[in-house]
Amino acid sequence: LEDSRGYMWFGTHNGLTLHDGNKTLNFLHDPQVKSSIAGTFITSIREDSSLQVWIGNESGIDRFHRSSLSFTHFGIDRGDGIKVNTYCVVLGFVSIDELWLLDTEKKALRSLNTKTGATRFIASFTAEQALFYKSPIDQKIHLWSAYNKGTIHQVYQNDKLLKEESFFDGKNKTQIEPELIVIHVLQQNDSVVWLSTNRGLMKLDPLSKRYQ
């Protein structure tokens, strides 16, 4: 992630690294320090509209505090007041205080209220990685699965799944479409989606279903 200050954040399998252009800081979990980052296996990094940085990891979600170089941890609700620390992937902000995430243990898409710390179930989601896009035109949320055979595209509005379709999974009978391993997805706008695949770069228009 390049944040609003131009700082670079790198998530690795061995902690979180921040580079401000001059020096590098590394953050690892320390069981003796409650304000340390809760996990070492970093899955995702996002910045909110208040310029706060959020980190997904194998133990849940952490919010970074710039002034103290410390973290606040958020677990995932399991009912009856129980919270668990589990592998999470932060996706993006639906609103100023609502962060969507993947709870891979339960194969679920969930929402975190960043003010209260409460999480709630949105929908089932089987992939362990997804790319998030919020349309500036109609505010609909688009999710694209990655690291699977092909990609599954879901469209949400007001927490409800409006549409689900797949591309490049070898099962589309309506048109000739190659079966691809999708490594990464970037939705540029409502009609342009870029996919990095095992057979090169694909440009897809999800509205017309055309690709090149």
Side-chain angles (χ1 to χ4, degrees), residues 1-125 127-134 141 143 146-147 156 159 184:
L1 169 75
E2 180 179 3
D3 70 17
S4 56
R5 300 184 180 189
Y7 294 0
M8 297 301 301
W9 296 81
F10 302 92
T12 77
H13 295 180
N14 190 34
L16 178 70
T17 297
L18 167 62
H19 182 63
D20 66 3
N22 295 307
K23 62 181 182 298
T24 298
L25 295 174
N26 298 309
F27 301 98
L28 292 168
H29 173 63
D30 184 343
Q32 304 300 319
V33 181
K34 185 178 181 181
S35 61
S36 71
I37 192 167
T40 300
F41 190 110
I42 309 302
T43 64
S44 46
I45 312 169
R46 298 292 183 270
E47 186 179 31
D48 66 18
S49 59
S50 299
L51 312 186
Q52 297 183 107
V53 174
W54 297 79
I55 301 99
N57 54 70
E58 85 277 16
S59 295
I61 299 172
D62 286 82
R63 180 177 61 202
F64 178 69
H65 300 283
R66 295 181 188 270
S67 60
S68 58
L69 301 180
S70 63
F71 298 84
T72 296
H73 181 64
F74 297 85
I76 306 303
D77 291 288
R78 285 288 187 259
D80 298 325
I82 298 173
K83 283 185 178 289
V84 298
N85 295 327
T86 188
Y87 189 107
C88 290
V89 180
V90 294
L91 298 178
F93 284 85
V94 177
S95 63
I96 192 171
D97 55 6
E98 185 178 0
L99 174 62
W100 277 19
L101 62 113
L102 295 182
D103 171 3
T104 61
E105 180 186 29
K106 295 296 185 179
K107 299 186 183 303
L109 171 66
R110 297 187 187 276
S111 173
L112 167 68
N113 184 311
T114 59
K115 289 185 177 180
T116 67
T119 62
R120 59 187 178 84
F121 177 85
I122 300 292
S124 296
F125 199 92
E128 294 187 354
Q129 285 284 345
L131 283 299
F132 174 99
Y133 171 79
K134 183 177 180 180
I141 305 300
L143 294 184
Y147 309 107
Y156 292 84
D159 295 350
H184 188 77

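Model, not experiment: these values are computed from the prediction.
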Can you check whether Ile42 reaches Ile37 side chain to side chain, under 4.5 Å on heavy atoms?
yes
Minimal heavy-atom distance between Phe71 and Ser36, with the atoms involved, is CD1-C, 3.9 Å
Output yes when a side-chain donor or acceptor of [X] lies under 3.5 Å from a complementary backbone atom of [Y], and no otherwise.
{"X": "Asp80", "Y": "Ile82", "result": "no"}
{"X": "Asp77", "Y": "Thr119", "result": "yes"}
{"X": "Glu58", "Y": "Thr40", "result": "yes"}
{"X": "Ser44", "Y": "Val90", "result": "yes"}

How long is the straight-line distance from [atom2] of [Y] back to [atom1] of [X], given to the nearest 0.5 Å?
{"X": "Gln52", "Y": "Thr114", "atom1": "CD", "atom2": "OG1", "result": "7.5 Å"}
{"X": "Gln129", "Y": "Thr43", "atom1": "CD", "atom2": "OG1", "result": "6.5 Å"}
{"X": "Asn57", "Y": "Cys88", "atom1": "CG", "atom2": "SG", "result": "8.0 Å"}

Give a yes or no on whether a salt bridge exists between Arg66 and Glu47, defined as a side-chain N under 4.0 angstrom from a carboxylate O.
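Salt bridge present between Arg66 and Glu47.
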Between the side chains of [X] and [Y], is a donor N or O closer than 3.5 angstrom to an acceptor N or O?
{"X": "His73", "Y": "Asn85", "value": "yes"}
{"X": "Glu98", "Y": "Ser111", "value": "yes"}
{"X": "Asn26", "Y": "Thr17", "value": "yes"}

